[in-house]
Amino acid sequence: MTVTQPRPETVTEIVAETGSVVQGRGALTRDGLREQLRLPRLRNVVWDNTELLEPCPSCGHWEHLEELAAPPSGPLVEDVRPDRSALLSAAWTVVLVVEVLDGRRPARQITGVVAPRVLRYLAAVPAGRSGSCGGVRLLSVHPHQPHEGAVEVAASLRLAGRRRAMAASFALFGVDSWVCETVRIL
């Protein structure tokens with residue numbers, strides 16, 4: 001037994017703004033559908049944090065939105081020039097952290113370059129150690145300096161047979177001493 005569904009009726013609509021005829025199943029526009037259901041038309045408004053703005057009723061022009069804001073006063077802000085030694089120091093510290101995770105380096109050797117909470121975090125990470133080294137490998141390191149006095153590192157590593165992401169943040173202590181404040185393995 002074959003069941004046939006009736007074909008939907010083709011809807012023909014004349015769009016008032018352009019005067020063109022639209023045919024097809026999805027020909028009703030949002031406003032046309034609202035008219036068919038006897039609902040009021042939707043208004044296009046924009047909130048500019050002080051009042052609701054409406055377009056010009058005759059042409060639809062949004063005059064309030066095209067006004068350019070005045071540039072802020074004061075001197076221009078220069079981009080941060082990355083400190084190459086800070087980026088290298090952060091990348092090298094991430095290498096040391098991965099060696100501690102793998103068991104190739106004792107944690108006491110990196111106490112000067114990482115915060116105590118980082119050491120506690122590293123001790124809690126299940127690295128899948130079975131008494132031998134080789135479970136954790138660093139795949140890539142990407143240091144970045146968002147502003148002076150801080151360095152952030154995104155790294156990729158293989159941990160317990162899976163590729164994982166690692167994020168680390170570094171802060172400047174003293175004149176040129178960078179300390180890893182946080183490490184997270186995602």
Side-chain angles (χ1 to χ4, degrees), residues 42-55 61-186:
L42 294 177
R43 295 182 351 182
N44 290 330
V45 294
V46 175
W47 175 254
D48 72 344
N49 292 331
T50 57
E51 62 181 314
L52 287 174
L53 304 176
E54 294 188 50
H61 178 72
W62 293 85
E63 62 184 68
H64 301 289
L65 297 180
E66 295 180 7
E67 296 173 359
L68 296 176
S73 61
L76 294 176
V77 177
E78 294 182 18
D79 287 339
V80 175
R81 292 193 176 158
D83 182 6
R84 185 167 169 77
S85 65
L87 298 176
L88 289 174
S89 174
W92 182 248
T93 303
V94 168
V95 170
L96 297 176
V97 165
V98 170
E99 289 178 358
V100 168
L101 272 174
D102 191 35
R104 291 178 276 160
R105 179 177 299 275
R108 62 178 152 63
Q109 288 186 359
I110 64 169
T111 56
V113 292
V114 298
R117 66 178 170 202
V118 172
L119 291 174
R120 289 190 302 271
Y121 180 79
L122 294 176
V125 172
R129 298 183 197 109
S130 59
S132 63
C133 301
V136 183
R137 290 284 177 250
L138 185 63
L139 302 175
S140 66
V141 179
H142 304 282
H144 176 67
Q145 189 171 11
H147 57 84
E148 293 181 8
V151 173
E152 296 172 349
V153 177
S156 174
L157 51 96
R158 182 155 309 278
L159 175 67
R162 291 180 50 200
R163 188 176 188 128
R164 306 287 294 271
M166 183 171 84
S169 64
F170 294 81
L172 181 63
F173 287 101
V175 178
D176 61 350
S177 176
W178 291 91
V179 175
C180 179
E181 290 194 324
T182 58
V183 169
R184 290 296 177 263
I185 297 175
L186 309 171

H144 side, atom NE2; S169 side, atom OG - distance, nearest 0.5 Å | 13.0 Å

Between R164 (side chain) and L186 (backbone), is there a donor-acceptor pair under 3.5 Å?
-> yes

Could you pull out the closest heavy-atom pair between P146 and A150, with the gap in Å?
-> CD-O, 3.7 Å

Find the distance between CZ (R137) and CZ (R163) and round it off to the nearest 0.5 Å.
-> 14.5 Å

Below 4.5 Å, heavy atoms only, C-beta onward: do I110 and T93 meet side chain to side chain?
-> no

Note, E148 side chain near R81 side chain (heavy atom, < 4.5 Å) = no

Here the pair of heavy atoms bringing S89 nearest to W178 is OG-CB, 4.0 Å

L159 side chain near M166 side chain, heavy-atom distance below 4.5 Å | no

Exercise: identify the closest heavy-atom pair between V151 and A90 | CG1-CB, 3.6 Å

Write down the atom of A155, the atom of V94, and the distance for their closest heavy-atom approach.
-> CB-CG1, 4.2 Å

Separation between CG of L96 and CZ of R104, rounded to the nearest 0.5 Å | 10.5 Å

Side-chain contact test, heavy atoms from C-beta onward, threshold under 4.5 Å: evaluate it for Q109 versus V100 and give yes or no.
-> no

Determine the minimum heavy-atom distance between S85 and D83, stating which atoms define it.
-> OG-OD1, 3.0 Å

Side-chain contact, heavy-atom cut-off 4.5 Å: E99 with L138?
-> no

For I185 and Y121 the tightest heavy-atom approach is N-OH, 2.9 Å

